[in-house]
2 protein chains.
Amino acid sequence: MNGSLAKGNGDTRSRILDAAEALFVEQGFDGTSMRGITGRAGANLAAINYHFGSKEQLIQEVFRRRLTELNRIRLARLHELEVEAGEAPIKPSRIVDAFFGTALRMAADVEGGGHTFMRLLGRTYTDPQGFVRKFLAEEYAECVERFLAALYRALPDVDRNEILWRFHFMMGAMSYAIAGTDALQLVTGKFDDEDPSRLVSRLMSFLLGGLRAPLADFGSSP
Amino acid sequence: MNGSLAKGNGDTRSRILDAAEALFVEQGFDGTSMRGITGRAGANLAAINYHFGSKEQLIQEVFRRRLTELNRIRLARLHELEVEAGEAPIKPSRIVDAFFGTALRMAADVEGGGHTFMRLLGRTYTDPQGFVRKFLAEEYAECVERFLAALYRALPDVDRNEILWRFHFMMGAMSYAIAGTDALQLVTGKFDDEDPSRLVSRLMSFLLGGLRAPLADFGSSP
DNA sequence: AATTAATTAAAACGTTTGTTTGAATCATAC
DNA sequence: GTATGATTCAAACAAACGTTTTAATTAATT
């Protein structure tokens, strides 16, 4: 049950990042101690402060390491779509796939740690710790703006505020799909042991259904 | 900026529950100290252990206090629908409203604390702390089972596993809609200052769109 | 009014927390 | 080999944590 890694597994810095990433998912930021991280990484307690400065800076580096790459791929995909389409509008489903599909494919990478990170990311959107949310917002700002602009262009007849909200809802559905699977398992018994590609398919059709839904008026007592 | 409450505001027990609820949302469970709670509640440090036994039991009581009522209303609404429909099938939109709409209406109650609690609940589904998730699962078990059964009956042609997943997605979208509003604000600038009833309307149409979406097959490179 | 129970108060308990320090070890260059 | 810089190590730091204890106070009962 001791997940501590052999010391030869990459340099100390990387081992610390990997250990921290895993423990943050399991126990949260506050619930994970410096001793827990360095212990699992096979490093000395002081190594975190030496390599990263502080626990807070370590947390930021855990995110930056993967998030930069994720958003780079997203924007590259979007750029491909824009070039391919030329003057013509892009299908919303393609935009949604470039953003959410890319994340889901990263989440499907269990061995490389993408799965662990996406679980962490999903639950961090609503994390109370101010500095984490602020940091995430900065890292995300450009990417989200570009994708929202693309959706506005792709859906010129839909109110922009409505698109904004639905983008938000889609973020929520995706985050829970990745981060909170065990929560549903606890409630409902168990899922059939799912391969992640089916999750992609399932979630994408749900997201597009929500995105395209009519703006029906649901009062407070329908 | 000191949110500490006057001592006359209810009995000590209730003041502690209110203070804890608010602080858990702002700082998380681990990030909230006993001293912080009792300080805000205007009570002595030992009061939590006296009234609740431990911090862990306090957390459980914070949830139990509101969750029992929420699920009672949900099941009552479902029962109404079932009686009203008799042998006929119930419209899925009504079932969805009985579950998610009820939660959203509780979240719209800012003064009574429902809003605070729903934000807390939303972010707790994905909380790493094992005992909280286990406790939530137990509190939710019966209610979720009843609603899933109702959806199975209302949508006899749809694969049950698919309904299960979409219920999961809907939970995610709703939780983020309530708990993570500030996250999106940080990213996108700001929303128009929204009255909660429009959120109900917006989210419900999104949820139903997702629930009814065709099971299109989205491969990994569409 | 006396007695019992329930609640609040202040102080201290032993752990655990993140961080810092100064010496020891390692790698690399001259 | 010796010097230089980077890294690792064991040890210690004050601060904050949840909990417990014992005394003081309040409320209820007889």
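These numbers were taken from a predicted model, which means no experiment stands behind them. In the text below, chain A, chain B and the rest are named by the order of the sequence lines, each starting its count at 1.
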From [atom1] of [X] over to [atom2] of [N], roughly how many Å is that when rounded to an integer?
{"X": "B:Arg13", "N": "C:dT7", "atom1": "CZ", "atom2": "P", "result": "10 Å"}
{"X": "B:Phe52", "N": "D:dT19", "atom1": "CZ", "atom2": "C1'", "result": "16 Å"}
{"X": "A:Tyr50", "N": "D:dA10", "atom1": "OH", "atom2": "C1'", "result": "17 Å"}
{"X": "B:Asn44", "N": "C:dA11", "atom1": "CG", "atom2": "P", "result": "11 Å"}
{"X": "A:Arg15", "N": "D:dT8", "atom1": "CZ", "atom2": "C1'", "result": "11 Å"}

**Item:** side chain to side chain donor-acceptor pair (under 3.5 Å) partners of B:Glu69, counting only residues at least two apart
**Value:**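 Residues passing side chain to side chain donor-acceptor pair (under 3.5 Å) with B:Glu69: B:Arg72.
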
**Message:** Run the side chain to side chain donor-acceptor pair (under 3.5 Å) test against B:Glu138 and tell me which residues pass, sequence neighbours left out.
**Reply:**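 Applying side chain to side chain donor-acceptor pair (under 3.5 Å) to B:Glu138 gives none.
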
**Message:** On the nucleotide C:dT8, are OP1 or OP2 found under 4.0 Å from the side-chain N or O atoms that B:His51 carries?
**Reply:**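 For B:His51, the contact criterion (side-chain N or O under 4.0 Å from OP1 or OP2 of C:dT8) is met.
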
**Asked** Has B:Arg166 got its NZ or CZ under 6.0 Å from the middle of the six-membered ring of A:Phe206, at an angle within 45 degrees of the ring axis?
**Response** no

**Fill in**
Hits for salt bridge (Lys or Arg N to Asp or Glu O under 4.0 Å) against B:Glu21, two or more places apart or cross-chain, chain-then-number order -> B:Arg65, B:Arg66

**Message:** According to salt bridge (Lys or Arg N to Asp or Glu O under 4.0 Å), who are the partners of B:Glu56, at least two apart in sequence or on a separate chain?
**Reply:**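 If we apply the salt bridge (Lys or Arg N to Asp or Glu O under 4.0 Å) test to B:Glu56, skipping adjacent residues, there are no hits.
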
Under 3.5 Å, which donor-acceptor pairs link side chains of residues 28-38 of chain A to any protein atom two or more places apart or in another chain?
{"residue": "A:Thr32", "atom": "OG1", "partner": "A:Leu23", "partner atom": "O", "Å": "3.2"}
{"residue": "A:Thr32", "atom": "OG1", "partner": "A:Gly28", "partner atom": "O", "Å": "2.6"}
{"residue": "A:Ser33", "atom": "OG", "partner": "A:Gly36", "partner atom": "N", "Å": "3.0"}
{"residue": "A:Thr38", "atom": "OG1", "partner": "A:Met34", "partner atom": "O", "Å": "2.9"}
{"residue": "A:Thr38", "atom": "OG1", "partner": "A:Arg35", "partner atom": "O", "Å": "3.4"}

**Request:** At under 4.0 Å between heavy atoms, which parts of nucleotides 13-24 of chain C does protein reach? Answer with one letter per nucleotide, 5' to 3': B base, S sugar-phosphate only, - none.
**Result:** ----BBBBB---

